[in-house]
Amino acid sequence: MGPDVLTAVAGALTAVLALAFGLPQYLHVRRTGSVAGISLPSIVNSLVSTTAWLAYGVWLGDVWVALTSLVGLPTLAAAGWVALRHGASRQGLWVPALWSGLLLAALAVTPWLPTAFATVLGASVLWYVGPAAATAWRSADVSGVAAGTWLLLLVDGGVAGLY
C-alpha cells in the first residue's frame, strides 16, 4: 500500500471514530440519568478543540482533518447537552474560556510565529483529558462516566498518531 492509501485508510478510520466519540457518553447519561464524575468543562473543551481542528483542517486543505472534526461535533454537542440537561456541574467553565483564549492568542501571533497555532492546537487532547481525569479522580461516584468514551479516545489517539 502506498502512502496515499494509508493516509486515506487512517483518515477514514479517524473520521468513523470521531463520529462515535461522544456517543457512549450521550447514551450512558440518557440511559442512567447519572452525570456523576462527568466534567462539563472537559466536554466543552472538546467542542472548542474540535471546532478549532475543523477550521485548521479547512485552512490546510486537509480533507481528513476537516472531515474528522466535522463529523465529531454533533455527538460531542449531544453529550454536552444531555450532561447539562441532567444537572452536570457548571463549575470550572472558565477552563474552556481560557482554552479558547489561548487558541485565539496563538492564532493572533501566527503571522510572526507560523507554528504557534498548530503547536498550541496539538495540545488539545490535554484540555479534554485533564479536566475529565481530574473530575473523575476527585469524584466518589463516577457512575455517569462512560468507559466507552475513554476507550474510543485511546483508539482514536493511536490512529491519529499514525495519520
Following the transitive rule for hydrophobic clusters with a side-chain heavy-atom cut-off under 4.5 Å over Ile, Leu, Val, Met, Phe, Trp and Tyr, establish whether Y128 and W137 coincide in one cluster. no
On a heavy-atom basis, the closest approach of T110 and A116 is OG1-CB, 4.3 Å
Item checked: Any donor-acceptor N/O pair, H28 side chain to P24 backbone, under 3.5 Å -> no
* Are W81 and V44 linked, directly or through other ILVMFWY residues, by side chains that come within less than 4.5 angstrom of each other? -> no
Verdict with reasoning, I38 to T135, per side chain to side chain contact (heavy atoms under 4.5 Å, CB included)
CA-CA 7 Å; I38 292 176; T135 299; over 6 Å; no
Distance col, row L104:CG vs F117:CZ, nearest 0.5 angstrom, shows 8.0 Å
Here the pair of heavy atoms bringing V142 nearest to A136 is CG1-O, 3.5 Å
Interatomic distance, OG1@T32 vs CG@L27, rounded to 0.5 Å, equals 10.5 Å
| message | Between L102 and W59, is there shared hydrophobic-cluster membership here, with clusters defined by ILVMFWY side-chain heavy atoms closer than 4.5 Å? | response | yes
Main-chain N/O of S42 paired to S46 side chain as donor or acceptor, under 3.5 Å: no
Rounded to the nearest 0.5 angstrom, the CG-CH2 distance for L60 and W53 is 8.5 Å
Looking only at heavy atoms, the pair that brings A83 and V35 closest together is O-CG1, 3.7 Å
S34 and V29 have their tightest heavy-atom pair at O-CG2, 3.5 Å
Side-chain donor/acceptor of Q25 to backbone N/O of G144, under 3.5 Å = yes
Rounded to the nearest 0.5 Å, the CD1 atom of I43 sits from the CG atom of L76 at a distance of 8.0 Å
Please check: side-chain N/O of S124 versus main-chain N/O of L121, any donor-acceptor pairing under 3.5 Å? yes
| query | Do you reckon V16 sits in the same ILVMFWY cluster as W64, going by side-chain contacts under 4.5 Å, direct or chained? | reply | no
Rounded to the nearest 0.5 Å, the CG atom of L84 sits from the OG atom of S89 at a distance of 10.5 Å
One should read off an interatomic distance between L93 CG and N45 CG, to the nearest 0.5 angstrom, of 9.0 Å
All heavy atoms of V120 vs all of A106, minimum pair found to be CG2-CB, 3.7 Å
Heavy-atom side-chain proximity of W127 to V48 below 4.5 angstrom:
no
Between W99 and S49 the two heavy atoms that sit nearest each other are NE1-OG, 2.8 Å
